[in-house]
Amino acid sequence: VRSVKEQEHSISSAALVAGFCIIALTVVMAATANSLALWADVIATVIDTAAVFLAWLVGRTIRRSNRESFHFGFGRLETFASFGMGQLMLLTGVILLAMVVWKLLHPSELHGFGVYLSVGGNVLFGAFNMYVFARSRRLEKVSESPTLRAQRHLFLHKAYSNLMFIVALSLALLAGDQRWAEYIDPVVSAIIALTLFLAATQTMGSSGLDLVDRSMEEQDQLLILRALAENFDDYVALHGVRTRRSGTRRYVELHLEFDPDRPMGEVQDIIERLRKRIAEMIEAAEVTVIPARAAPGGGGR
Amino acid sequence: MKVTARSEGEYFVVTVTQRLDAVTAPEFESSCIGWIDEGHSRLVIDMAALDYVSSAGLRSILSAAKRVQRMGGGLALCGLAGQVQEVVEMAGFDRILPVHATVDDALRQD
């Protein structure tokens with residue numbers, strides 16, 4: 001059975017190979033269809049492929065790295081990659097919008113064999129993008145990887161773009177020489193750019209907060225309190241709770257004061273019980289209980 | 001948040017209103033610790049006018065509860081409703097601290 005990280009890497013590898021093929025095909029389609037949306041799609045595909053390359057690179061680094069050199073895992077690297085993917089998606093959106101403005105100022109109709117080719121091509125690309133989206137989503141439920149989350153956003157958007165292209169190109173074919181048909185292309189491009197901004201914002205928002213050591217979700221904080229409540233009589237005072245997220249990992253630090261007359265063995269049992277209970281309730285949580293005599297300096301309570 | 005307190009016989013009733021969250025919890029906790037250190041070891045926290053409590057708010061209540069426990073006293077909650085009740089139950093505080101419908105009920109118990 002392949003590990004989640006291996007499966008994640010195989011998705012990125014497949015998406016990367018497909019990305020290169022799609023770039024070549026999209027160039028042919030855009031050149032023969034006179035479509036701004038398709039030229040924009042070439043740029044978008046190049047940048048998207050760069051984003052997938054980033055995910056692939058991170059996956060490869062994790063697979064090849066010596067674990068002894070990274071005791072706290074690769075959460076930060078994964079989050080950083082996810083943030084980078086969001087930035088690339090944002091860049092695609094900006095380029096797309098700039099091209100929309102240009103096309104609105106210089107409208108022209110779609111024509112040529114490339115239009116038919118593009119409809120067929122987008123059906124194929126859309127099916128592949130939906131496949132990568134579905135696999136990423138399935139794996140993300142198991143690993144909660146930020147890279148997979150970014151990949152899911154990216155490929156859902158790509159599949160959505162394919163659908164929009166199919167609609168736009170089909171409409172252009174049906175409309176023939178109608179004057180309004182010249183605006184189908186930029187309007188569809190604008191819609192794609194806006195959805196891309198949305199996906200990029202979501203990806204960067206969640207990754208950006210994780211990069212600055214965001215505390216765990218309120219729901220998880222309540223579960224930590226539940227564990228403390230369940231062991232209420234086992235410690236003398238609560239001096240602080242600090243939490244942070246790093247990629248798929250959750251770090252919990254509890255500063256507890258114990259009865260100084262209590263044997264060390266008993267304190268160790270309590271610590272172990274608390275650690276196990278919190279790890280049971282919060283997936284991927286690494287719990288550290290620090291025996292304290294006075295409130296630690298600094299915030300993070 | 002607004003926090004006020006009054007003595008009711010051997011009990012010390014602390015009334016907290018509005019929001020008890022990460023911003024207001026430190027003030028609430030230091031007020032409670034001040035009263036406990038003055039010798040008030042039987043606290044009743046009236047949460048009837050509290051609109052919202054976060055995990056940070058509950059942590060400050062837990063700290064106060066531990067402090068009175070060390071002094072041989074106790075801490076009870078009352079007036080829980082809506083989100084406040086939901087969160088208190090989710091954190092399991094209703095199993096370690098006495099919960100009463102009103103301040104009068106809390107004063108009549110024990």
Decide side-chain contact (heavy atoms from CB on, under 4.5 Å) for E89(B) and R226(A); before the verdict, give the C-alpha distance in whole Å, the side-chain angles of both, and the deciding distance to 0.1 Å.
CA-CA 9 Å; E89(B) 287 173 0; R226(A) 190 177 185 89; over 6 Å; no
R244(A) atom CZ, over 12 foreign heavy atoms within 6.0 Å
yes
Does E27(B) CD have over 12 foreign heavy atoms under 6.0 Å away?
no
To the nearest 0.5 angstrom, please state how far the CG atom of L238(A) sits from the OG atom of S63(B).
4.5 Å
In plain terms, say whether R70(B) and E257(A) are close enough for a salt bridge, that is, a side-chain N and a carboxylate O under 4.0 Å apart.
yes
What distance separates L225(A) CG from I61(B) CD1, expressed to the nearest 0.5 Å?
10.0 Å
Please check if atom CZ in F197(A) has more than 12 non-hydrogen atoms from other residues, nucleotides or ligands closer than 6.0 Å.
yes
Please find the pair of heavy atoms, one from A229(A) and one from G92(B), that lie closest to each other, and give the distance.
CB-O, 4.0 Å
Would you call K66(B) and F232(A) a side-chain contact if the rule is heavy atoms closer than 4.5 Å?
yes
Is the shortest side-chain heavy-atom distance between Q69(B) and D233(A) below 4.5 Å?
yes
Hey, could you give me the CG/CZ distance between L228(A) and F93(B), rounded to the nearest 0.5 Å?
7.5 Å
Tell me, side chain or backbone of A25(B) under 4.5 Å from chain A's heavy atoms, or both, or neither?
neither
Atom CZ of F80(A) with >12 non-hydrogen neighbours under 6.0 angstrom
no
Quick one: are V241(A) and R59(B) in side-chain contact, heavy atoms under 4.5 Å?
yes
Short question: side chain of Q221(A), backbone of A56(B) - any donor-acceptor pair under 3.5 Å?
no
